[in-house]
Amino acid sequence: ELRQAVELPATRYGWKFETGLVDLLLEDVGDEPGALPLLSHALLETWQRREGVTMTLTGYVASGGIRGAIAATAESVFQQRLTPEQRPIARAIFLRLTELGEGTQDTRRRASFSELITRATNEDVIDTVLSILTDARLVMVDLAADNSDKTIEVTHEALIREWPTLREWLNESRDDLRQH
């Protein structure tokens with residue numbers, strides 16, 4: 001099914017895969033929980049590095065592969081698309097969207113938009129940062145059925161595990177986050 005999810009849309013629109021790329025993608029994604037978003041992100045990053053109409057092994061490796069593509073995207077967005085004033089807000093958002101593991105891996109958690117608002121930041125600034133993170137497919141924002149609030153979560157736990165900057169923030173803030 002994953003092979004079809006990769007190959008059929010590409011074939012339909014005239015895109016090609018270098019021999020062995022699809023096999024490598026499927027091998028790398030393995031039985032990863034929530035494989036489709038990771039696969040989708042890696043494919044997008046590989047496609048952006050394509051040669052003509054062909055997605056290549058070189059492009060896939062340059063993207064960071066299944067686990068590294070999302071981390072590379074996160075670092076690029078953080079350093080290049082966010083202003084120095086927006087970066088601390090993004091950091092706070094990612095910390096709020098992480099559930100600390102007790103003897104287990106850290107995982108993603110949902111947070112309401114109202115949870116992200118602090119006295120130091122206003123809603124418009126948070127909305128702007130969330131828009132940048134959403135456009136980069138790093139977070140998802142869902143509107144409540146009654147339009148009363150939004151919920152936000154990291155698109156995939158691989159971001160928490162694989163992005164070194166976030167890992168560093170979590171390690172620096174672990175005691176404060178537990179206390180909170």
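Sequence positions, counted from 1, serve as the residue numbers for this chain.
Take R108 and apply the salt bridge (Lys or Arg N to Asp or Glu O under 4.0 Å) test, not counting sequence neighbours, and it matches E153. The side chain to side chain donor-acceptor pair (under 3.5 Å) check on E99 picks up nothing, with sequence neighbours excluded.
Of all the heavy atoms in T151 and R110, the pair that sits closest is OG1-NH1, 4.1 Å. Residues A90 and L82 share a closest heavy-atom pair of CB-CD1, 3.5 Å. Heavy atoms only, all atoms of each residue included: G101 and D106 are closest at N-OD1, 2.8 Å. Of all non-hydrogen atoms in D28 and I66, the two that sit nearest each other are CB-CG1, 3.5 Å.
Interatomic distance, CD1 of I132 versus CG of L138, reported as 11.0 Å (0.5 Å rounding). Note that CZ of R91 and CD1 of I89 are 13.0 Å apart. Values are rounded to the nearest 0.5 Å. Distance check, rounded to the nearest 0.5 Å: CZ of R50 to NZ of K16 gives 14.0 Å. Separating the CG atom in L38 from the CG atom in L159 is a distance of 9.5 Å, to the nearest 0.5 Å. The CD atom of E115 sits 12.0 Å away from atom CD1 of I93, with the distance rounded to the nearest 0.5 Å. Rounding to the nearest 0.5 angstrom, the gap separating the CD atom in E162 from the CD atom in E157 is 12.0 Å.
Between the side chain of S63 and the backbone N or O of Y60, at least one donor-acceptor pair lies under 3.5 Å. Here the side chain of Q86 pairs no donor or acceptor atom with the backbone of V129 at under 3.5 angstrom. Of the possible polar contacts, none joining the R49 side chain to the T58 backbone as a donor-acceptor pair under 3.5 Å is found. No donor-acceptor pair closer than 3.5 Å links the side chain of S76 to the backbone N or O of A72. T73 places a side-chain N or O within donor-acceptor distance of the main-chain N or O of A69, the cut-off being under 3.5 Å. When atom types are taken as modelled, the side chain of R167 and the backbone of R161 share no donor-acceptor pair closer than 3.5 angstrom.
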Assess whether side chain to side chain contact (heavy atoms under 4.5 Å, CB included) is satisfied between Q80 and E75, documenting all intermediate values. CA-CA 8 Å; Q80 297 171 12; E75 191 63 29; over 6 Å; no
Kindly indicate, with the supporting measurements, whether the criterion side chain to side chain donor-acceptor pair (under 3.5 Å) is fulfilled by T56 and T54. CA-CA 6 Å; T56 66; T54 304; over 6 Å; no
Which is it for T46 and F17 under the side chain to side chain contact (heavy atoms under 4.5 Å, CB included) test, yes or no, and what are the steps along the way? CA-CA 10 Å; T46 303; F17 294 97; over 6 Å; no
Pair L2-L36, side chain to side chain contact (heavy atoms under 4.5 Å, CB included): steps then yes or no: CA-CA 8 Å; L2 281 178; L36 204 51; 3.8 Å; yes
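By the criterion of side-chain heavy atoms lying less than 4.5 angstrom apart, applied directly or through intervening Ile, Leu, Val, Met, Phe, Trp or Tyr residues, I70 is grouped together with V77 in one hydrophobic cluster. Criterion: ILVMFWY side-chain heavy atoms under 4.5 Å apart, direct or through other members. Under it, M140 and I160 are not part of a common hydrophobic cluster. Under the 4.5 Å side-chain heavy-atom criterion for ILVMFWY residues, no single connected hydrophobic cluster contains both V29 and L8.
Side-chain contact check for T155 versus H41: every heavy-atom pair is 4.5 Å or farther apart. A heavy-atom distance below 4.5 Å is not found between the side chains of T165 and Q79. Proximity of K150 to L130: side-chain heavy atoms (C-beta onward) are nowhere separated by under 4.5 Å. Within the 4.5 Å cutoff, side-chain heavy atoms of D23 are placed close to those of R3. In this structure the side chain of L170 reaches within 4.5 angstrom of the side chain of L100, judged on heavy atoms. Considering only heavy atoms from C-beta on, L133 stays 4.5 Å or farther from I152 through its side chain. The shortest side-chain heavy-atom distance between V139 and F94 falls under the 4.5 Å cut-off.
In E51, the CD atom is not crowded: 12 or fewer heavy atoms of neighbouring residues, nucleotides or ligands sit closer than 6.0 Å.
In summary, the aromatic rings of W169 and F78 are positioned with their centroids under 6.0 Å apart.
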